[in-house]
Every structure is written in structure tokens, then in C-alpha cells.
Amino acid sequence: MNHAYLSIRQLYKNFGDFVALKDISLDIQEGEFVCFLGPSGCGKTTLLRAIAGLDLQSEGEIFQGGKNISWLPPEKRDFGIVFQSYALFPNLTVAENIAYGLRNQRTRRADIKNRVDELLNVIGLPDSGRKFPTQLSGGQQQRVALARAIATKPGLLLLDEPLSALDARVRLHLRQEIKELQRKLGVTTIMVTHDQEEALSMADKIVVMNHGVIEQIGTPEEIYAKPATEFVASFVGTMNFLPAARLDDDQVQLGKRTLSCCPPLHDEAAETTAANPSTVIKVAIRPEDIRVRYNGDATNVIPADVQQIEFLGSFVRTELLLDGVNEPVVADFSMNDVRDLDIRVGAQLKLDLPENRLHLFEH
Amino acid sequence: MAIALSPPGFLVKKRQRQLGTDRALQVLGLLIGIAFLVVTTVLPLYAILSKSVENKAGDFVGLTNYLEYIDNPSLINSITNSLTIAALTTVVVISLALLTAYALSRTCMPFKNVIRVLMMGPIFAPSLLPAISLVYLFGNQGVLKSWMFGESVYGPIGIVISLSFWCFPHAVMIIMTALSNTDARLYESARAMRTSPIRTFFTVTLPSIKYGLISAGFVVFTLTITDFGAPKVIGGQYNVLATDIYKQVIGQQNFQMGAVVSVILLFPAILAFAVDRWVQRKQVSLLTARAEPLQPKPNKTKDWTMFVLCLPVVATIIGVLGMAVYASLVTFWPYNLELSFNNYQFDLMDGGGWEAYYNSLYMAGYTALFGTAIIFTNAYLVEKVKGMEVLRTMLHLGAMIPLAVPGLVLGLAYIFFFNDPNNPLNNLYGTLAILVICTIAHYYTVCHLTAVTALKQIDPEFEAVSASLKVPFYVTFWRVTLPVCMPALLDIAIYLFVNALNTVSAVVFLYSSNTMLASVAVLNMDDAGDIAPAAAMGVLLMLTCIGVRVLHWGLSHLLLNRTQRWRNTRA
Amino acid sequence: MTFKKLLAGLTAAGAMTVAGSALAATELTVYTAFEAEDLKRYAKEFNKQYPDIKINWVRDSTGIVTAKLLAEKENPQADVIWGLAATSLLVMKNEGMLTPYAPKGVEALSPKFRDNDKTPSWIGLDAWIAGICFNTIEAKKHNLPKPTSWEDLTKSVYQGHIIMPNPNSSGTGFLDVASWLQMFGEEKGWDYMDRLHNNIARYTHSGSKPCKLAAAGEAPIGISFAYKGAKLKKKGAPLDVVFPKEGLGWDMEAAAIVKGTDDMAAAKKLMDFAASRKANEMYNVGYAVVAMPGVAKPVQYYPENPEAMMIDNDFAWSAANRSAILKEWQGRYDSKSDPKK
């Protein structure tokens with residue numbers, strides 16, 4: 001067995017006929033910040049609750065710190081948890097909430113007080129100990145929930161959509177705080193989220209899930225730059241998908257044009273399609289990877305008509321029709337590009353689809 | 001990046017759930033809860049069912065008793081009578097309650113708060129009291145006898161009026177809840193489209209409270225068809241199913257026939273129960289969207305019209321309750337109208353005297369205390385324990401049964417079950433404990449639903465959080481769940497107390513020499529012709545309930561200020 | 001029984017309640033249908049002789065006490081029955097629910113007033129006699145003449161003015177019906193009741209209620225029993241107690257030991273007292289006819305010689321036919337489907 005802190009082996013969870021988790025295997029290293037990312041119903045929360053022992057899996061095993069915890073009740077496991085709803089005890093003060101788990105460990109009264117004060121400082125609410133949760137804002141309440149979860153110094157911190165109930169500005173702020181706190185404490189952390197931005201900005205490692213299976217595991221950069229599946233590509237960031245035909249290992253046909261591409265087709269599909277030319281595939285490219293300015297290093301130049309322009313502040317999102325392609329394509333251009341090249345509705349552009357930015361997926 | 005690889009030949013192990021202490025305690029709790037309901041409801045009902053197919057010697061005789069029942073025209077007639085009374089009362093109550101509830105929640109009519117409080121009056125008295133009051137109002141020596149146009153109040157008219165009076169607050173409360181659940185934005189849209197008020201009422205108001213009305217209708221129907229007090233006091237020769245049971249058992253000592261009538265009385269109650277469950281499910285799905293609460297705006301014409309329309313209802317409530325109080329103070333109706341407290345000298349009358357009143361206080365107190373504890377704990381297990389669906393569903397379904405069981409049937413079932421010498425619990429027979437148990441079982445369902453609703457409103461993750469903090473679930477139950485649900489707990493306790501004080505039907509077969517109850521005393525005194533003392537005892541019960549209610553109100557304010565401080569403080 | 005195992009553990013609580021009451025001085029649970037106002041007086045007299053025996057009364061109307069006793073047949077709660085209709089006790093004797101015992105001085109009681117067995121299963125205490133309570137004020141309002149016979153009550157002038165107890169629940173109601181059937185014969189008796197039914201405003205569950213309703217003016221005439229009428233008249237109700245000339249139905253209040261009592265010695269003492277001269281004098285305060293000959297003194301508002309007016313009541317016949325009579329009665333009258341004309 002490897003040195004993973006948390007190791008999940010072939011986990012299944014069925015609700016009647018519905019398969020919520022299917023053959024999930026995953027290793028998490030000590031101190032890692034891992035995000036389970038996916039749309040609602042993908043099984044990410046089910047997986048988190050299985051790790052916590054709140055809803056047991058149907059099959060499979062979980063090891064934490066080398067110990068098999070697969071069938072232990074939650075109170076015999078070692079984790080702290082924070083929920084989207086905060087789940088703060090409304091009738092207890094902030095300090096009592098934070099001390100809730102400490103009190104049960106028969107910690108000395110003075111020690112409890114010190115620990116609570118320390119945590120209140122950590123979360124930046126040193127004077128709020130005597131307040132009731134409802135007297136705090138949502139973000140403050142979530143911080144208290146966090147403090148309560150780490151008060152007993154658990155080996156594993158589970159965050160179930162902790163930021164989803166907050167408004168955008170608070171969310172942004174708390175995102176950084178949680179990340180910073182996690183780094184400082186070095187506690188292994190799993191966060192469930194459906195927000196790709198949150199996952200990309202916070203995680204050391206992202207686990208993308210869909211329909212109860214893991215689609216891809218990787219660093220944020222890997223996930224974004226090298227999506228393993230069409231689902232990951234479409235779920236994380238924006239991606240244009242265009243129907244194309246595979247000609248050989250480094251050429252695809254898009255409309256009337258032949259495009260060169262250096263990356264092999266993702267997944268095992270590479271072998272099958274390579275042996276079978278003119279297979280229908282999808283060629284994909286992110287809006288920001290489409291270039292309108294280039295210095296002779298262009299690989300795949302295609303003329304395009306600008307159909308729509310959407311001004312988004314620091315950049316402009318355009319909808320284009322590539323010559324010979326029926327599907328509209330979305331491309332992002334900087335304000336400089338727009339000004340310098342006079343990009344407007346009806347303008348004709350010559351675009352480059354850089355070969356190293358093309359992704360190919362099986363149709 | 002670590003892709004997990006499964007070792008070759010990995011064998012999927014069958015689940016071996018480890019029972020933690022928490023888990024073990026929860027299972028134990030669920031089993032005890034189920035055992036409680038089985039002993040207090042299921043087994044007694046089984047006893048009554050089997051009694052109905054036995055002869056006097058206890059041999060199985062199939063449907064012989066039922067055939068005998070069908071052969072008896074006067075008994076069969078009671079079915080029609082019961083249905084007639086229930087249908088009439090339901091129509092009367094729902095129309096009046098809709099009017100009143102609408103006036104209370106949708107207008108700014110004058111004296112609204114006073115009227116709101118007055119409307120609840122009948123709930124504090126046993127169903128016998130309005131019936132007794134009607135005797136003084138419309139009986140042969142009644143002050144308003146001429147209003148009856150020569151009809152006798154003893155019979156269907158009297159029963160319908162008494163029961164309408166008694167069921168009225170229940171219906172008003174349900175309909176008011178339905179009315180307050182309506183979305184204000186619908187009315188704004190209607191106004192924006194220049195819809196006439198009447199059209200608005202029929203297209204917006206009525207559809208939105210449809211399920212509330214159906215629910216109220218069935219609550220009234222069940223209360224009416226199973227009530228025993230009113231027909232007993234004022235029914236005259238008009239027999240209904242509930243009085244038939246009493247007569248078969250008490251008058252003719254024919255327990256088998258009593259069991260047969262009980263089983264028959266179960267049918268309409270079960271039907272009403274099924275419809276109510278169906279409606280409840282429908283209603284929940286209606287309340288998904290976050291609705292804007294509707295604040296009535298003053299409108300002189302509408303407000304005063306509704307006020308005038310409500311006046312007769314208000315007058316009736318004041319008149320009926322006032323008459324009961326007055327009659328209890330008159331020395332010798334109608335020949336000596338001097339006021340005195342003679343009728344309150346209960347020790348000189350049939351019915352158990354002041355002792356009965358004190359017994360009732362003890363009984364109601366214990367019922368409120370133990371009932372709240374048992375019902376809330378069970379509701380907690382149903383609502384907050386994870387997994388163990390089978391046990392939780394059993395407990396939840398068990399908690400629903402009592403709603404479909406009329407008190408009289410439950411009481412009779414208790415005789416059959418607990419007085420069986422083979423039953424190890426037969427020591428309970430004749431004690432205050434059996435009265436408490438029976439009353440808890442009788443009123444279980446409504447309390448259970450109240451508790452479940454309150455529990456649903458608190459965060460579902462408290463148990464998960466406390467497990468993660470390694471705090472046993474019962475500590476969280478004690479430190480968090482109970483305090484947070486304190487208002488609901490108080491509501492349950494007061495509901496149990498008031499009903500325990502006023503119930504007749506469930507306990508009339510079960511009281512003994514040492515456990516005579518005041519509500520039964522009202523019945524027995526009226527039965528013996530001591531109507532004025534019966535009125536006096538009824539009034540005493542009503543005043544007690546009102547007193548306790550006021551105490552409860554004050555106490556909950558105090559408690560809210562202390563333990564619910566967090567509720568009122570907002571950032 | 002399957003539930004036995006399941007519940008065995010839970011019985012402790014119940015057992016303790018029982019144990020608690022057993023610790024007190026000797027107590028007897030006595031089931032009775034005596035009038036409520038008499039209970040304290042009777043217990044006081046009894047305790048003068050037996051101060052260490054406490055009586056726990058269970059009082060209700062005849063029908064209810066009888067029903068209760070029969071319901072508890074398998075698991076009797078009562079030690080002694082003191083003051084219940086003899087017809088009810090005859091039913092219980094047939095069910096084998098009584099322990100025969102000859103109280104001290106039982107020979108002094110009139111033979112009519114005791115079980116004829118060698119060791120009597122029950123003894124009579126006093127007779128309770130039918131009577132009609134007639135409200136003079138209400139009668140004047142409705143121009144009703146004072147009835148003097150049972151037959152008078154069927155006259156059309158009384159239509160809707162008479163209340164009587166339902167024999168199914170009331171001992172008084174039953175003794176009325178039984179006496180009419182005995183006096184007039186079965187056929188004529190039912191015919192009489194058919195005619196009487198036309199005049200009845202309603203049937204009450206209790207035997208004293210018709211008289212109380214008459215006293216309150218709810219109806220001018222209540223068929224009830226003499227004791228109640230006399231009592232209410234004394235209290236100031238505008239009543240005349242009428243004793244119909246055909247004869248008066250009556251029943252005995254009787255006493256017996258319930259089989260299975262925990263304290264036979266105390267139960268016997270109570271039976272001895274119930275048969276004593278002292279007790280008979282005590283009954284005589286309200287009842288004009290008591291079991292011990294020569295004790296009775298005339299009671300106010302009763303006829304001079306009530307015993308002469310009492311019919312020759314065949315208790316055995318009444319008890320044997322009780323359920324048949326009640327069933328017949330119920331079929332005929334206990335339904336509003338018969339429109340009252």
C-alpha cells in the first residue's frame with residue numbers, strides 16, 4: 001500500500017436501483033487540499049458522507065492513516081465537518097459552539113477557554129464569543145463553523161459546499177481565508193463544490209465527478225489545460241466543440257480545411273481512431289486560446305465572421321462563424337485587440353487555432 | 001497524481017457495519033418507541049377486533065355478532081344518524097370557520113385580536129359543556145326556548161349545534177393556517193389585472209386553501225362522528241354510533257356488541273384519516289416556493305362587513321359559554337334564580353366530588369409531562385436518526401394510528417387488553433397510570449406531527465456535526481435539540497394537558513374508585529340529572545384550562561426571553 | 001400469550017402501584033349504586049364499629065356498576081358489593097362471581113330479603129320503590145291533571161310530557177318494565193308500554209334523572225323512584241310524589257362478597273354490619289322499606305304502608321329474562337326511526 005493518508009478502494013453506493021457511486025478509488029496525501037467537483041447529483045456529497053461515515057457505502061473500503069475505517073460509525077472516525085448550512089447550534093453562543101467538541105473531551109475549563117480564544121482570533125472574530133450565531137453575518141457564521149470543526153484538531157477536515165450559501169463578495173474573501181488557514185494548519189482537507197472557480201483557486205488536487213464515477217483526478221492546471229474527457233472539458237471553463245474528422249495522427253479535417261494538431265486524441269480513443277482514419281471526432285478549443293494576432297507562427301488560420309459581441313469589462317466575448325463550419329464558435333479578445341483590429345459585428349477576421357491548444361475528443 | 005489501483009483479486013467484502021454506542025442506543029430507543037405504540041395501540045385494537053368475533057364465552061363465532069348487529073334496526077339506524085350529524089356539522093362548521101378565518105387573517109376588522117382570542121374559547125371546555133348550556137338556552141325551561149319554533153333541542157338539532165360549537169376552533173385554526181400560507185404576490189398580480197374581489201376569492205383564495213378546507217372538513221367530521229359527550233347529553237332518543245357503544249357496554253353489558261359497533265365506528269375514522277394523509281402530502285408540495293406573506297390592508301367597507309358577519313359567531317360563543325357559567329351559579333333552575341355556589345359543592349353529588357377534579361389535574365399533569373417526553377423522543381428518533389428505515393417507518397406509521405381510533409373505541413379496547421388476567425400489565429388496570437397511558441395514546445398523533453414539524457425545521461446536520469466532534473447524540477439532543485424545540489414542546493404539553501382534562505370518551509370505561517375524573521364527573525352528574533353541578537364542573541374545567549393557558553403564555557414568554565434569546569436577535 | 005414476554009420487563013411499574021396501596025391499613029374496595037349523598041354517612045356508621053377497615057367506594061348507576069363487575073369478571077377489582085340491585089346480583093350469582101356467606105344475624109332479615117340458599121350468596125338491604133315525580137307548577141302551565149295510576153300516564157293529555165329511564169342502563173327503568181310485565185302479564189304489559197311510548201318525551205340513561213328533570217321543570221312528569229322524589233321535594237322542588245294504584249315495582253338493594261377478594265375477614269365484617277339492626281336503621285333514613293322487619297319508620301312523602309303497594313316481585317324471573325326483556329324493549333322503543341306520534 002502507498003503512503004496515502006486517505007485511501008478509498010472500489011467504493012460503490014446504491015440507492016435501490018440507482019447507482020450513486022460506482023467503483024470509486026482515490027488516494028489523498030497528508031496535508032493535501034482536495035476538491036470534489038461536479039454537477040449536482042454527481043455523487044460528490046455521497047462520497048464525502050461515506051468518508052465521514054454519515055451514509056455508509058454499499059461496498060468498498062476506506063483507509064485513513066493506515067486504519068480501515070470502512071464500517072466505523074462517524075463518532076469513531078477522525079474528522080471535522082462544515083456544512084453549507086453552517087449547522088451552528090442556534091441556542092448556544094459562538095464560544096459554546098466552538099467549545100462543543102472540547103467540552104466532551106474532558107478538557108480543563110481554562111484550556112477550553114484558551115483554545116476558544118485562540119480560534120476566535122484565528123477566524124478574526126475575537127470579540128464575538130458571547131454572541132449568538134444569528135447575530136453574525138453568513139460569512140462570520142461559516143467561520144465559526146470552521147473553528148468548531150478544527151477545534152478538536154481532527155486529522156481530516158471535510159467541507160460540504162461551505163461557500164455556496166454566501167453572496168459573491170463574501171465567498172471570494174472566505175475562499176482565500178479557508179485556503180490560508182488550511183495551509184497554516186496543514187490539515188488534510190476535502191471540499192465538495194459545484195463551483196469550478198472555487199475548485200481551481202483552492203485545491204491542490206481536483207477530483208472531477210459525474211454520474212457517480214470519477215472523470216479525472218489532477219491538479220487545477222492539469223484539469224484545465226488537459227481535460228481528460230469531454231465532460232471535464234465542458235464542465236471546467238468554457239470550451240468550443242466542433243465536429244471534425246480524424247485524418248491521421250496529427251491532422252484533422254474541420255469543414256473544408258485541414259488542421260494540424262500535435263496532441264494525440266485523449267484517452268484510449270487515440271489508438272482506435274488512429275487505426276481508423278476519417279473517424280468522426282470533436283475538436284475543441286477554449287475561447288481564450290483562439291488568436292487574432294499572431295506573428296507568422298500561426299498553424300491553423302481560418303477566416304471568420306463576427307456575429308455578436310458581448311462586452312465583459314476587461315475583455316470581449318465574441319460569437320463567430322468560422323468559414324465552412326456551421327456551429328458558432330466563442331472567442332475572447334482583449335480590449336487592445338478589439339481597438340486595434342476594429343472588431344465589431346460584421347467584421348471579417350483571420351483567426352489562428354494554435355495546434356498545441358486543440359483538444360480532440362471522441363464523438 | 002495517484003490513480004488508485006485495486007490489488008489483483010481484490011475481494012469485495014460484505015458490509016460489516018460496526019455498532020457504535022450511539023447506534024446501539026438509537027436502535028434501543030426505536031425498539032422501545034415501537035413497543036410503546038404496539039402495547040398502547042396495536043394490541044388493544046387487536047383485542048377489540050378479536051372480541052367482536054367472539055361470543056360471551058370467548059369462543060370464535062366468525063361474523064355472528066355482525067349479523068346480529070345488521071338484524072337490529074335501531075342499531076343500523078345509528079349509522080345513518082351518525083353520518084347525518086357528522087355531515088351537517090361539517091358543513092355548518094366549515095362555512096362559519098371559513099368566514100371567521102377569512103375575517104381574522106385577511107381583513108383589519110375592529111377588535112380583531114379580541115375576537116381571535118374569543119374564537120378559541122370552546123376548545124377549553126369538554127364537549128359536554130356546550131350541550132349542557134344548550135339545555136339551559138333552548139331546553140323546555142330554556143331562556144330562549146321560543147327560538148326553537150316548537151322543535152325540540154333534544155335530538156339532532158342540539159347535537160349539531162353543540163358539536164359545531166365545540167369543533168369550531170379546530171376548523172378556524174386549520175383554515176387560518178391555510179390562509180396565511182398564501183402568496184401575496186398572487187393577489188398583487190390579480191389586482192394588477194383588475195380582477196374583481198369576488199373573482200379573486202374564487203380563483204386565487206379558494207384554490208390556495210383547498211387542501212386546508214378539505215383537511216379541516218375531515219378533522220371536524222372525525223371529531224363529530226366519534227364524539228360521545230354531546231349526543232349523550234342532548235341527543236335525547238337520537239342514537240348515534242358513539243352512544244350505542246356506551247349503551248351496549250354500560251347498559252347491557254354486551255361487550256361483544258360494543259366491540260362490533262367500535263369496529264364499525266373505525267371505518268369512517270380510518271377513511272377520514274386516509275383522506276387527511278393524502279391532503280397533507282398534497283399540501284406539502286404546494287409550499288415549495290418562498291412566498292411573500294400577505295398583510296391585510298385596511299378597507300372600511302370590507303372590514304366592517306366582515307365584523308358584522310362575525311358578530312353572530314362571537315355572540316354565540318359568548319352566549320353559550322356565558323350561559324354555562326350563569327347556570328352553574330343559579331341555585332335551583334328555574335324556580336330559584338338566586339346566585340350561589342351551591343352547585344360547586346361537588347362532594348354532595350354523584351360523580352366523585354372535588355377528588356375527581358384533583359385527580360383530573362394529576363392525570364392531565366402526568367399526561368402532559370410523560371406524553372411530551374415520550375412523543376418528542378420518539379419523533380426525534382423518527383426524524384433525526386440516520387438509516388434504519390424499517391424501524392423508523394414502523395415507528396412513524398405507528399404514531400399515525402391513534403388519529404384513526406376514536407377515544408371510546410380505544411377505551412373499550414383497553415378494557416379488553418389490560419384487564420385480561422393473562423396480560424402481565426393487568427396491574428395497571430384501575431390505576432391513574434392507565435388513564436395517563438390511554439390519554440397519551442389517544443392524542444399521540446397530533447403531538448407527533450407537531451414534534452416532527454418542529455424537528456424538520458432545525459438543521460438536519462446537527463447530528464452529523466456532533467458525531468464528528470465525538471459528542472454522543474443524546475448530549476446534543478439535550479443541549480441543542482430540546483432547547484431549540486422548546487416552543488413546540490410547550491405546545492405539545494399544553495395540548496395534552498387541555499385534552500386530558502376534557503376528555504371523556506377514552507377514559508369513561510377506565511376510571512376506578514380512586515381515579516374518578518372531573519370530565520367523567522360532568523357526564524355522570526348530567527346523567528344523574530344533576531345538570532347544574534355538571535355545568536359547574538364543566539365551567540371549572542374550562543377555567544382551569546384557560547388559567548393553564550394563560551400560565552403557559554406567561555411561562556413561554558419568560559422562557560423565550562431566557563432560552564430563546566437567540567431567536568429574537570438578528571444581525 | 002406472545003406479548004407476555006415482551007412486556008414482562010415493563011410490569012415492574014404497575015406492580016409497585018399495587019404494592020403501594022397494599023401497605024395501608026385494611027382497605028376494602030366496595031362497588032355500590034347507593035346514592036352519592038349517602039356514602040359518607042354509611043361509611044361513618046360502619047367505621048364506628050370497625051375503625052380499622054377503610055372503605056374505598058366505587059359508585060355509579062346500577063347499569064354501570066353491573067357492567068363494570070361483569071367486565072372485570074376474570075380479574076375482579078371489588079371486594080364487596082354493597083348496595084346494588086338484587087337482579088344484578090342474581091345475574092352475578094349465576095355467573096359464579098359471588099362467595100356465599102351467612103352474615104351474623106341474617107335470620108333476623110325478612111326471608112324476602114335474602115338469597116334462599118342455605119348459605120346465602122347475597123342479602124337484601126332495603127327496597128327501592130317506583131314512583132312518579134309530578135311537577136305541580138309545570139302541570140298547571142300545561143293544564144295537566146295529577147295522574148293516579150300507571151294507566152293514566154297513557155292518556156293523550158300527557159303526550160310529550162313524560163320522561164322515563166331507559167331500562168338498558170337504569171336499574172329503575174328495568175324494575176318499572178319488569179313490574180309492568182309481571183302486573184299486567186306479558187302481552188298486556190308490552191301493549192301498555194307501546195301506548196306509554198307515545199307519550200314519552202325521552203328515555204334517560206339514569207333512573208334518578210327523570211325525577212330531577214321533573215324537579216327542574218324540563219318535563220312535568222318523571223317516572224323514577226320514590227326515594228329521589230321525596231328527597232327533591234324536601235329540598236324545595238315543586239314536586240308531588242305519585243304512587244300509582246295498580247302497584248309499585250321495586251327492587252332490592254343488596255350486598256354480597258365478590259369471589260376472589262384478598263381480605264375475606266374484612267369482607268365478612270362488612271357483610272355482618274350490612275345485615276345489622278344499626279345498618280337497617282341507617283337505610284331507613286331514606287328508604288321506607290328495609291330488610292329487617294320492625295325497624296322501618298315511616299319516611300316523609302312516602303305512602304303510609306308502602307309494603308302493601310309493592311308488587312309480589314319475582315326476582316328469579318326478572319333475572320332470568322333480563323336480557324330477553326331488554327332486547328325486546330330496545331327493538332321496540334330505542335330508536336327514533338319509530339316516529340313518535
Side-chain angles (χ1 to χ4, degrees), chain B residues 35 38-39 43 72-74 77 81 135 139-141 152 154-155 232 236-239 246-247 249-255 332-336 347-353 415 419-433 509 512-514 524 526-532, chain C residues 1 3-4 6-8 10-11 13-15 17-18 21 29 35-37 40 56-61 63-64 66-67 70-72 74-75 77 137 166 168-170 201-206 208-213 215-219 235-238 323 326 330-331 334-337 340:
Chain B
V38 165
V39 172
L43 290 177
N72 190 326
S74 75
N77 198 35
N81 288 353
V135 170
N140 293 341
Q141 294 297 326
S152 170
Y154 298 102
K232 179 85 173 61
Q237 293 320 107
Y238 197 82
N239 293 329
Y246 185 76
K247 266 194 275 185
V249 172
I250 299 296
Q252 297 177 339
Q253 301 120 49
N254 190 341
F255 292 92
F332 197 105
W333 187 274
Y335 305 110
N336 180 358
D347 284 335
L348 299 180
M349 333 260 177
D350 271 349
I415 300 189
N419 200 30
D420 186 330
N422 291 323
N423 186 335
L425 288 175
N426 78 22
N427 284 330
L428 285 176
Y429 193 71
T431 63
L432 199 65
F509 295 126
S512 73
S513 58
N514 301 319
N524 286 351
D526 173 83
D527 210 13
D530 295 325
I531 306 179
Chain C
M1 294 240 154
F3 51 74
K4 196 153 190 170
L6 185 69
L7 305 179
L10 295 170
T11 47
T17 18
V18 172
S21 56
T29 300
E35 290 298 303
E37 60 241 54
K40 278 198 179 139
N56 287 325
W57 294 108
V58 178
R59 201 219 91 85
D60 226 312
S61 64
I64 295 179
T66 311
L70 288 170
E72 294 164 358
E74 305 297 329
N75 182 23
Q77 307 289 311
I137 295 178
N166 183 332
N168 277 309
S169 51
S170 154
R202 63 180 153 129
Y203 297 99
T204 65
H205 294 272
S206 132
S208 55
K209 191 170 186 180
C211 195
K212 288 182 187 169
L213 289 178
E218 268 298 304
K235 269 193 186 169
S323 61
L326 290 179
Q330 194 190 20
D334 195 13
S335 160
K336 196 65 178 179
S337 61
K340 275 191 293 141

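Note on naming: letters A, B, ... go to the chains in the order of the sequence lines (proteins, then strands), and numbering restarts at 1 for each one.
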- prompt: Is it true that a side-chain atom of B/Gln237 and a backbone atom of C/Tyr203 form a donor plus acceptor pair closer than 3.5 Å?
  reply: yes
field: Rounded distance (nearest 0.5 Å) linking atom NZ of C/Lys235 with atom CZ of B/Phe332
entry: 7.5 Å
Structural part of C/Pro238 lying under 4.5 Å from a heavy atom of chain B: side chain
- prompt: Is chain B contacted by the side chain of C/Gln77, its backbone, both, or neither, given a heavy-atom distance below 4.5 Å?
  reply: side chain
query: Any idea which heavy atoms bring C/Ala216 and B/Pro334 closest together, and the distance?
result: O-CD, 2.9 Å
Interchain contact, B/Asp526 with chain C, by part (heavy-atom threshold 4.5 Å): both
task: State the CG-CD1 distance between C/Asn75 and B/Ile415, to the nearest 0.5 angstrom.
output: 12.0 Å
field: Minimum heavy-atom distance between C/His205 and B/Asp527, given as atom pair plus value
entry: CB-OD1, 3.1 Å
field: Segment of B/Leu432 engaging chain C (4.5 angstrom heavy-atom cut-off)
entry: neither
- prompt: Do you know which two heavy atoms are closest between B/Ala528 and C/Ser208, and how far apart they sit?
  reply: O-OG, 3.3 Å
- request: Taking all non-hydrogen atoms of both residues into account, name the closest pair between C/Gly217 and B/Asn140 and its distance.
  value: O-CB, 4.4 Å
message: side chain to side chain contact (heavy atoms under 4.5 Å, CB included), that's the test. Do B/Asn419 and C/Glu72 meet it? Break it down for me.
response: CA-CA 7 Å; B/Asn419 200 30; C/Glu72 294 164 358; 3.6 Å; yes
task: Report the distance from atom CD of C/Gln330 to atom CG of B/Asn254, rounding to the nearest 0.5 Å.
output: 9.0 Å
- prompt: Taking all atoms of both residues into account, what is the closest heavy-atom pair of B/Tyr335 and C/Ala215, and its distance?
  reply: CE1-O, 3.0 Å
query: Salt bridge or not for B/Asp530 and C/Lys212, using N-O below 4.0 Å?
result: yes
